[in-house]
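Bear in mind that the values here come from a model prediction, so they are computed numbers and not experimental data. Quick note: residue numbers are just sequence positions, from 1.
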Amino acid sequence: MSDVIKLLPDSVANQIAAGEVIQRPASVIKELVENAIDAQATHVQIILKDAGRTLIQIIDDGVGMSETDARLAFERHSTSKIRNADDLFTLHTMGFRGEALASIAAISQVELRTRRRDAQLGTRLVINASQCESQEPDMCPTGSNFMIKNIFFNVPARRKFLKSNQVELSNIVKEFEKLALVNNEVEFTLMHNGNVMYKLMKGTFRQRIAALMGSNVDQQLLPVSIDTSLVKVQGYIGKPENARKRNALQFMFVNERYMRHPYFHKAVMSAYDQLIPEGEQPNYFLRFNVEPQSIDVNIHPTKTEIKFEDEMPIWQILAAGVKETLGRFSEVPAIDFDTQDAPVIPAYRGHVEVHNPEIAVDPSYNPFKTTTSKPASGSGSGSHARQTGSDNQTLSNWDQLFANFERKKREGMEQQETASPQPEAQSDPILPMGEVQLGYLQLRGRYILSPAKSGLMVIDQHRAHVRILFDRYIERIHSGVMSSQTILFPQVLHLSPSQDVILQELLPEMEQMGFQLAMMGGNDWAINAVPAGVDDVDPVAMIQQIIESVDNGGMPLKRRIKEHLALTVARSASIPAGRVLQQEEMEVLVADLLRLPEPNYTPDGKTIINVIPMEQINKMF
């Protein structure tokens, strides 16, 4: 039997590595921009076409590469960042594995033009699917200029699984945010299809947050500063009143590297306990600085999952620091009273007691008296006589009140005895079968039950309403009579930059659906109108749900964009599970459902109607 273990060719090994490192165009931008930052670039320009499918160009003014370094950089495990395994625990650079450029070259067409600062000429290198086609001298500026064309052109299966341009561009913007936030000393420019999306100048961390997230976010931030021998944390947290149910801006960086750390996220959330409603999330932008040997960044291909050596102490330090910030800046405002012409309130001043002013009280006043008279002047026996008369009058008033109570009680009992006797309650609550009114029964606020010829019909009320609204919206779209419902007081929609990209792409279709949105600047939109018939629904939450649906699930083909939006709007406006319906509401809902051509399933294939056969019911008994 021949040997079965073979050494993979470099081209195959590079494509395997590319599957882990390069997942989408955003991954290419992440790797190349990190290399530019490691090369001490002060300005990075990103140029995109078709959300990176056709072209990704990264231009930097870093140190550049020599002719030999440019060719060697595309070999696997070639890097200038480390020399041995011990260097992994003293990392001061973003990259270190030496796989990024080899992985990019394996699935695209690459052209590199680069020149060192001390060289007269640069070099131009062309690589096609890991094969070097040409390398020649070139007159080019200092730094590096990478052009990545036709990503996944030689891996059709991978290219097929790319999302729509809107979703891929949104992923690019998310990656751009992470890189631009923490590298606030670097100028960034992001262009897409000839349009400048971002042009960020050098500035402080807070200025970079405002430039990316909007000035309204800048006004909501509280500074955090923690300095211990174990960890240093600098950054900003959001005020409790600005917490969000969706789209919270949450960023953590360690040693200038973005990270996801659920454990430290819980530390921040613990400081907001009892300050924000359940289900809401605060904004935060936190930068950790620790000794490189105390963390391990080499546990995931994307380098975003990082292991800390001292997680528990850092958790306690972070929670205490955030709580101290909230306590220091969340003071209760003082209340100013108008003290002009106000009476002087006496108090103790030193050892001198200031007496309160005396209040004149009439001891002869009796609330039960029918008539009142002014007390006569005098003293001695005359005063005693007036007091005795007052007591006698009080007793007389109490006797009269008790007599009136007894009289009304007697009259009420006589009226009850003379009234017609009430029929006795029936001991058997079961009515004759002919008198039973057959109707719909709601189960746990979710299902509608109704007898059918073959058994018992069970209808999911939420899915039934989704089906009804979806067909109604589609019919209006095709007929061109989709009308809008103006909102009396326009509501403001706050979005992240990546969500703003998706909304701008969806705007024509959403306007055809009946939405009317106006851009306010800084990723904020005014909602002026929604589709007619969408009642009792929060328009902000509805549009955010549409954006999340597109971002998470991807946008279908162009001809199905309207159907996708119609389904999302129908889900937002439909009757929620758990809502109690009246008999008339159930009758209308079932009648509208059964008139549809496809009442059994939702547009995404979920069951609406299920019938329990009589045979199965009989077996139960």
* **E168 side-chain N/O to N165 backbone N/O, donor-acceptor pair under 3.5 Å** => no
* Structure fact -> Residues S103 and I22: closest non-hydrogen pair is CB-CG1, 4.0 Å
* Would you give the length of the straight line joining atom CD1 of I151 to atom CG of L55, rounded to the nearest 0.5 angstrom? => 11.0 Å
* To do: Taking only Lys NZ, Arg NE, NH1 and NH2, and the carboxylate oxygens of Asp or Glu, determine whether K619 and E615 approach each other closer than 4.0 Å.
  => no
* To do: Measure from the side-chain N and O atoms of N618 to the backbone N and O of M614, and report whether any donor-acceptor pair falls under 3.5 Å.
  => yes
* Between F253, F251, F264, which is the residue that forms a ring-ring contact (aromatic ring centres under 6.0 Å, His included) with F288? -> F264
* Asked: Do the side-chain N and O atoms of Q220 and E241 include a donor-acceptor pair separated by under 3.5 angstrom?
  -> no
* Pairwise distance CG(D524) to NE2(H494) - rounded to 0.5 angstrom -> 5.0 Å
* To do: Identify the two heavy atoms, one from L326 and one from G238, that lie closest to each other, and give their separation to 0.1 Å.
  => CD2-O, 4.4 Å
* Structure fact -> To the nearest 0.5 Å, atom CD1 of I172 lies from atom NE2 of H192 at 7.0 Å
* Asked: Does the pair M213 and L181 meet the rule for a side chain to side chain contact (heavy atoms under 4.5 Å, CB included), with working shown?
  -> CA-CA 10 Å; M213 307 302 173; L181 268 175; 4.1 Å; yes
* Is R467 reaching over with its side chain to a backbone N or O of L593, donor-acceptor style, under 3.5 angstrom? -> no
* Is the shortest distance from a Lys or Arg side-chain nitrogen in D273 or K323 to a carboxylate oxygen in the other one below 4.0 Å? -> no
* Asked: From L162 CG over to D50 CG, what is the distance, rounded to the nearest 0.5 angstrom?
  -> 12.0 Å
* Look at the aromatic rings of H261 and Y263 and report parallel, tilted or perpendicular, splitting at 30° and 60°. => tilted
* Structure fact -> Minimal heavy-atom distance between Q281 and Q250, with the atoms involved, is OE1-NE2, 3.0 Å
* To do: Using modelled atom types only, decide if a donor and an acceptor are shared between the side chain of S108 and the backbone of I104 within a distance under 3.5 Å.
  => yes
* In Å and rounded to the nearest 0.5 Å, what is the CE to OH distance from M269 to Y284? -> 8.5 Å
* Asked: Salt bridge or not for E175 and R24, using N-O below 4.0 Å?
  -> no
* Asked: For the atom pair CG (L286) and CG (L318), what is the distance rounded to the nearest 0.5 Å?
  -> 6.5 Å
* To do: State whether the side chain of S27 and the backbone N or O of Q23 hold a donor-acceptor pair below 3.5 Å, judged by distance alone.
  => yes
